[in-house]
Amino acid sequence: MIGLQPEGDIDWSSYRGVMVFVEQRNGQAKPVSWQLIGEATRLAAKLNVKVMALVIGWQVSELAEESIYHGADEVYVCDSKELEHYRTRPYSRVCLHVIRKYKPEIVLMGATNTGRDLAGAIATHLPTGLTADSTQLDVDEERLLLASRPAFSEKMLATILCKQFKPQMATARAGVFEQLPRDTTRTGEVIQVPPQMDPGEIATEMIEFLETKGSVNLAEAEVIVAGGRGLGGPAAFEMLKELADELGGVVGASRAVVDLGWIGHDHQVGQTGVTVRPKLYFAIGISGAVQHVVGMQNSSYIVAINKDANAPIFKIANYAIVGDLFQIIPAIIQAVRTR
Ligand code: FAD
């Protein structure tokens, strides 16, 4: 048990504020944390409450300042060597302590591996529910969080609300919400929180951190070069990889080519893949089906290359190149190399 306390009679009206868990690794915040603080700012303005941020780790005090620059009004920081690496129980205990003491009415986390694990662990110890993997957030006139997420094999969008209890909790996908411009003139309050270690706990120690080989981090990429069925086969992805390498980006894909086995599922962008928000997105030989577009339409710049001038992808493209990708991509690579 992590330390579940009986809740007894609780005055739910004392719960105020929207709190975001600022996920970090080695002192670097995950972009989804700033995106969620951006969204929390919008929700907090509607509720007329403050934006709270929770930072847990080791030597993470700079992230408290960064949280304020990104929109937080109040930051809770638990900085301890024992919390250097994420572990479910020690992190859960800190979260539970902060939630019980400072009473946010809404708690948001990224739908990352860590966020999913932590939010689930916390929710089991609070008298509340959890909406996982949200893609839309709002609040209604009764101050209830309306968290929407794809449901029934992604065929519909379900809005889930937790009617009675606080805090209302949701994890949300990376790349969906917009972070606010970083504003170094913002000020806020930083509150130190002691680590909530349990001496009786079976001690676990992180020995080594191994990155998964070959996996691609689409959600955090600034440049994505994505290919679809127009590539004609898996070999053409080599060409896309070349372009991505030149631009410091990664390779994405439509579901059609993932289903065909031309590239792994971790490259898939879209409704049943990853939602992305890069600065630059190339859609190459991709028609622009709605299930693909929902996953990449928030990219800052979209360059679409398609031989069909009527391809739907051109409706959302900033730059439309009509032609054969096998002629256009080598020319772009050449141009990038000689710039
Ligand atoms: P196509 O639609 O076949 O398009 C290929 C394009 O390549 C065409 O526009 C063609 O003109 C162009 N082309 C062909 N040759 C060339 C050439 N030589 N040069 C230039 N252009 C060329 N899809 C996703 O991508 N992501 C998802 O997450 C996703 N989730 C889904 C969930 C559900 C429940 C369902 C039902 C579908 C989902 N889909 C998803 C599938 C989606 O509906 C489309 O089938 C898919 O996106 C099409 O992939 P595509 O654009 O690569 O292929």
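The structure displayed is predicted, hence computed values, not measured ones. Just so you know, ligand 1 is whichever comes first in the structure, and atom 1 is the first atom listed for that ligand. Along the sequence shown, residues are numbered consecutively beginning with 1.
Leu243 and Tyr281 sit in two unconnected hydrophobic clusters of ILVMFWY residues. Membership requires side-chain heavy atoms under 4.5 Å apart, directly or through other members.
Within the listing of ligand 1, atoms 17 (C), 18 (N), 19 (N) sit less than 4.0 angstrom from a heavy atom of Asp324. Interface atoms of ligand 1 facing Gly228, defined by a heavy-atom separation under 4.0 Å, are 52 (O). Within ligand 1, counting atoms from 1 as listed, the ones closer than 4.0 Å to a heavy atom of Gln271 are 27 (C), 28 (O). Those atoms of ligand 1 with a heavy atom of Asp308 less than 4.0 angstrom away are 11 (O). Ligand-side atoms of ligand 1 in range of Ser254: 25 (O), 49 (O), 50 (P), 52 (O), range being under 4.0 angstrom from any heavy atom. Close approach of ligand 1 to Thr272 (heavy-atom distance below 4.0 Å) involves ligand atoms 27 (C), 28 (O), 29 (C), 30 (N), 31 (C), 32 (C).
Under a 4.0 angstrom heavy-atom cut-off, Gly323 registers as being in contact with ligand 1. Judged by the shortest distance from any of its heavy atoms, Val257 lies outside the 4.0 Å radius around the atoms of ligand 1.
Between the side chain of Arg229 and the main chain of Ala256, no donor-acceptor pair closer than 3.5 Å is present. With hydrogens and angles disregarded, a donor-acceptor distance shorter than 3.5 Å links the side chain of Arg149 to the backbone of Ala132.
When the heavy atoms of Ala311, Ala289, Ala283 are ranked by distance to atom 44 (C) of ligand 1, first place goes to Ala289. When the options Gly285, Gly227, Gly273 are ranked by their closest heavy atom to atom 5 (C) of ligand 1, first place goes to Gly285.
Between Val269 and ligand 1, at least one N/O pair is under 3.5 Å apart.
When all heavy atoms are compared, the tightest approach of Arg100 to Lys103 is O-NZ, 3.1 Å. Scanning all heavy atoms of the two residues, the minimum distance from Ala253 to Val258 falls at CB-CG2, 4.2 Å. Between Leu180 and Gly71, the shortest heavy-atom contact is CD1-CA, 4.3 Å.
Arg42 and Glu178 are not joined by a salt bridge, as no carboxylate oxygen comes within less than 4.0 angstrom of a charged side-chain nitrogen.
With 3.5 Å as the limit, one finds no donor-acceptor pair spanning the side chains of Tyr91 and Asp117.
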